[in-house]
Amino acid sequence: MKYKRSDFPQDFLFGIATSAYQIEGHAQGGAGGTHWDTFAATPGNVVNAENGDLACDHYNRFEQDLDLIKDAGFDCYRFSTSWARVLPEGRGPINQEGLDFYDRLTDALLERGIRPCATLYHWELPSPLADLGGWRNRDIAGWFADFTEIIMGRIGDRMFSVATINEPWCVSWLSHFEGHHAPGLRDVRATARAMHHVLLAHGHAVQAMRGLGMSNLGAVFNLEWAEPADDSPGAQEAAALYDGIYNRFFLGGVFNKAYPDNVLEGLAPYLPDGWQDDFDAIGVPVDWCGLNYYTRKLIAPADTPWPSVQEIPGPLPKTQMGWEIDPDALSRFLIRAAREYTGDLPIYVTENGMASPERRQDNDRIDYLDQHLNAVQVALKQGVPVKGYFVWSLLDNYEWALGYEKRFGLVDVDFETMTRTPKASYFALQEALAAG
Ligand code: FCB
């Protein structure tokens with residue numbers, strides 16, 4: 001790799017990220033059913049109707065996986081805690097085996113000198129809560145705060161950092177407007193409610209953790225740069241709206257206690273009554289901001305009801321996901337986040353990486369990581385307080401609606417035998433992290 005550890009500030013942290021449902025093997029250890037299990041069981045939603053029942057069997061193999069993290073030289077591990085593994089019904093009875101698992105995982109990280117960075121929710125909502133309306137139901141803020149107290153009551157004393165909800169846009173818009181992720185809805189009212197409640201739940205969880213005396217708490221947003229497809233006013237307006245829905249709504253709610261006007265034009269009629277009164281809870285101070293970044297989109301107007309925007313195929317090189325590779329947009333986002341939303345707060349790139357079909361000599365991934373580390377360097381030079389960078393992901397895993405075909409891992413997984421084989425990118429990062 002072009003970059004090495006010594007090119008970054010001394011306190012800069014390098015980490016690697018995964019999530020519970022994508023690797024653990026959800027059918028094991030007494031976890032309850034989730035909306036991802038039933039979404040996957042419904043024909044047409046997921047490639048080959050694949051689910052997370054076994055995934056990478058991390059539940060039984062986590063020691064081996066943590067050895068891989070340690071041997072690569074990462075400082076931090078970003079993992080998520082499965083709500084349904086801890087509370088199979090979403091509320092009420094605790095699955096002690098689930099709590100014990102996260103306790104063992106935490107200690108196993110500390111034994112290896114790796115900082116535990118938890119994310120409370122990475123998408124597998126317990127089915128009984130989905131039955132009650134899931135993210136559409138305002139009560140989810142309280143249910144989530146209760147789950148937060150239970151899991152962090154057990155492991156919170158040993159976390160380096162905790163994030164609340166991974167990628168509010170995916171939880172709400174992708175899952176309730178586009179229908180691509182569980183619960184697979186396509187309904188603007190459900191979407192507006194989910195968008196607001198996901199931020200409210202974030203705020204309540206932060207308050208719950210403050211109550212436990214915890215610090216180093218953050219929020220994790222996924223950002224996608226919206227580039228007008230041409231220089232017409234229509235394309236500019238469409239791109240600004242896409243940017244509003246995707247990026248500014250969530251950052252604006254949490255850091256500026258306001259939603260963008262262009263988004264409210266379409267969504268206000270569907271937001272829950274009294275939404276304007278929730279910003280003190282939503283905007284409760286956090287200690288850092290996490291940004292997940294993968295790609296940009298070219299946006300043009302569309303002849304549809306609101307939001308009347310469409311994505312146009314772009315000319316840049318693409319990953320196995322079909323996502324254009326645009327590292328410059330990562331620099332622009334880091335700079336913009338600091339200037340318009342987060343000020344002096346530490347920013348972490350909490351996910352970045354690419355899917356590649358190459359299972360051993362993944363030079364394309366090495367190149368992608370180098371280009372995006374360069375983007376971080378650009379932001380650092382502008383004075384943006386970027387404090388760390390996490391690669392997505394350790395292992396090839398369950399890539400949601402795309403099943404097991406799209407491979408994001410630094411480590412190859414043979415899903416028949418569960419054999420782990422580090423790829424060239426793993427060794428390249430190992431060398432880069434050891435240098436300096
Ligand atoms: C992010 C998700 C993560 C993974 C990557 C590729 O949006 O947080 O679970 O699917 O994309």
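Bear in mind that the values here come from a model prediction, so they are computed numbers and not experimental data. Ligands are counted one by one from 1 in listed order, and the atoms in each one are counted from 1 as well.
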Going by heavy atoms in the side chains, are Gln22 and Glu399 under 4.5 Å from each other? yes
Is there a side-chain contact between Trp135 and Ile165 in this structure, where contact means two heavy atoms from C-beta onward sitting under 4.5 Å apart? yes
Determine, step by step, whether Asp326 and Glu227 satisfy the side-chain contact (heavy atoms from CB on, under 4.5 Å) criterion, reporting the C-alpha distance in whole Å, the side-chain angles of both residues, the deciding distance to 0.1 Å, and the verdict. CA-CA 11 Å; Asp326 183 10; Glu227 193 67 33; 5.7 Å; no
Under a plain distance cut-off of 3.5 Å, with no hydrogens placed, do Tyr3 and Asn374 share a side-chain donor-acceptor pair? yes
Any side-chain heavy atom of Asn166 sitting closer than 4.5 Å to one from Asn292? yes
Say whether Tyr398 and Ser19, considering side chains only, have a donor N or O and an acceptor N or O under 3.5 Å apart. no
N/O contact list for ligand 1, threshold under 3.5 Å:
unit_1	atom_1	unit_2	atom_2	d
ligand 1	7 (O)	Glu167	OE1	2.5
ligand 1	7 (O)	Glu167	OE2	3.0
ligand 1	8 (O)	His122	NE2	3.2
ligand 1	8 (O)	Asn166	ND2	2.9
ligand 1	8 (O)	Glu167	OE1	3.2
ligand 1	8 (O)	Glu167	OE2	3.2
ligand 1	8 (O)	Glu351	OE1	3.1
ligand 1	8 (O)	Glu351	OE2	3.0
ligand 1	9 (O)	Gln22	OE1	2.8
ligand 1	9 (O)	Gln22	NE2	3.4
ligand 1	9 (O)	His122	NE2	2.8
ligand 1	9 (O)	Trp400	NE1	3.0
ligand 1	10 (O)	Glu399	OE1	2.8
ligand 1	10 (O)	Glu399	OE2	3.1
ligand 1	10 (O)	Trp400	NE1	3.1

